[in-house]
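Below is one structure; the comments refer to it alone.
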There are 2 protein chains.
Amino acid sequence: MATTTAEIKRTPATEQVLGAALNLFTEQGFFNTSIPDIVKASSVSTGSIYHYFRDKEGIARSLYETLVERMESSFSEIEATHATAHDRCRAAIALLFELTEQEPAVMRFMLFSRHKEFIPDQKPVCSSRPFVQMREMVVAGMESGEVREMTPIVAASAVFGGALRLIQLRLDGILDAPLPDYLDEIWQCAWRSVAV
Amino acid sequence: MATTTAEIKRTPATEQVLGAALNLFTEQGFFNTSIPDIVKASSVSTGSIYHYFRDKEGIARSLYETLVERMESSFSEIEATHATAHDRCRAAIALLFELTEQEPAVMRFMLFSRHKEFIPDQKPVCSSRPFVQMREMVVAGMESGEVREMTPIVAASAVFGGALRLIQLRLDGILDAPLPDYLDEIWQCAWRSVAV
DNA sequence: AAGACTAGAATGAACATTCGTTCTAGTCAA
DNA sequence: TTGACTAGAACGAATGTTCATTCTAGTCTT
């Protein structure tokens, strides 16, 4: 029930394909990346690719699901290891910043790809589970009295909007220093904007 | 000098094409939109389209430049009619909210299209003139003592990040009410996050 | 030897772009 | 005023390429 439309057997070959596709998609875009490109970059033949994946879209879908699941479980861990909304939200931002630095392609794929554009019927990124979790952290803060009363989605945007914007700027090459350098500053702003 | 790589003569026919292309690009994406699609939607023939525009990319480029110029002059007007950083930033957000409601396609094109993906050599949206202007509003506020001292780009992200996120949510169909309904709330958060 | 996997050539559809032609409106000559 | 001439605007069928996908012939693995 929790699961995915496109379950894919994990083998070294599929990992090769997914890794190559992630890089190509985020560097040149989905439509500028041809199957021959992926064949070259992954050293997996056309036949094998179509043995494992239904079609090109299936590769993107599988990628998307893998990455969403990964973020989802990271956020769940944060919920498990931090008690207050304050700590949870801060940890979430710190995690996103780390991920952006260590695997920019993952973050770029999650945030920038207009999924509806090339994955028909794909719900928008911002309503995927991890982003719902972020919203829930803020709402919990409102219930516990840490966060002032207001429209939940507005509060969530206030808390995470600044950080997400910095991530975008970093990925677009506007920011030179690594994101964690800005964590304290942006977090102070974020929390001040909603704290009671 | 201020101008554009792809100057296009403005005629009824080109307006037709640009209008149709804007809608199609933002609804289905650049790569899912074929020239025949644009021909049908604009009632302008293939030959004429290629008479006015170098190629499909030229249409997108022309669209982008038109929209950027339009936002740029709106922001300049805000700078001319509002004195304080507080008023300018608030007016900027109000303007973006209005534009999103009245012409979602314009906003969608400006914010979401991964321009580098289909317009090679296109600098990222977030370093286009209007976004620089937004940053300058915040910096001016720091100089006038309205905004607390901090890294300029972080301050700008804090002020505008929440609003931009709401715009994204609205365009992705997550928000039901029109954006101006949220203006007061998000602005309070935004300003509180950086005010001295 | 059977099944899973790999390979890469072959296929056919879709598409951006070109090109030769037609149309339109303006200008000029008589 | 009429008719000839011109320039550029508009047209859309034809072209050639690209690319996702399929197919056939193998090669491992157990």
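In the text below, chain A, chain B and the rest are named by the order of the sequence lines, each starting its count at 1.
- Distances from the side chain of B/T46 to the nucleotides C/dA7, C/dT17, D/dC19 place C/dT17 closest.
- Classification of the B/F109-B/Y64 ring pair by plane angle, with boundaries at 30° and 60°, yields tilted.
- Looking at heavy-atom distances under 4.0 Å, B/T14 makes no contact with the nucleic acid at all.
- For A/E101, the CD atom counts as densely surrounded, since its 6.0 Å shell holds more than 12 non-hydrogen atoms of other residues, nucleotides or ligands.
- Between the NZ atom of A/K40 and the P atom of D/dT18 there is a distance of 11 Å, rounded to whole Å.
- When all heavy atoms of A/T33 and A/L24 are compared, the pair lying nearest together is OG1-O, 3.4 Å.
- Here the C1' atom of nucleotide C/dC15 and the CD1 atom of B/I38 are 12 Å apart, to the nearest Å.
- Comparing atom distances between the A/S48 side chain and each of C/dT6, D/dC19, C/dT17 picks out C/dT6 as nearest.
- Here B/S43 lies out of heavy-atom contact (under 4.0 Å) with every strand.
- Comparing C/dC15, D/dC11, C/dC5 against the side chain of A/Y52 picks out C/dC5 as the nearest.
- Distance CZ (B/F31) to P (C/dA14): 19 Å, rounded to an integer number of Å.
- Rounded to whole Å, the distance from CG on A/N32 to C1' on D/dC19 is 13 Å.
- Between the P atom of C/dA14 and the NZ atom of A/K56 lies a distance of 16 Å, rounded to the nearest Å.
- Residues B/E146 and B/R88 are not paired through a salt bridge, judged by the lack of any N-O separation under 4.0 Å between the basic side chain and the carboxylate.
- For the pair A/Y50 and C/dA7, the criterion of a side-chain N or O lying under 4.0 Å from OP1 or OP2 is not met.
- For the pair B/H51 and D/dA10, the criterion of a side-chain N or O lying under 4.0 Å from OP1 or OP2 is not met.
- Rounding to whole angstrom units, CD1 of residue A/I35 and P of D/dC19 are separated by 11 Å.
- Distances shorter than 4.0 Å separate none of the side-chain N or O atoms of A/S45 from OP1 or OP2 on C/dT6.
- Nucleotide C/dC19 holds its P atom 18 Å from the CD1 atom of B/I49, rounded to whole Å.
- Put simply, OG on A/S34 and NZ on A/K40 are 6.0 Å apart, with the number rounded to the nearest 0.5 Å.
- Atom-to-atom, CG of A/D37 to C1' of D/dT18 comes out at 11 Å; the value is rounded to the nearest Å.
- Residues A/G47 and A/P36 both approach DNA chain D. Their nearest nucleotides, taken by heavy-atom distance, put A/P36 toward the 5′ side.
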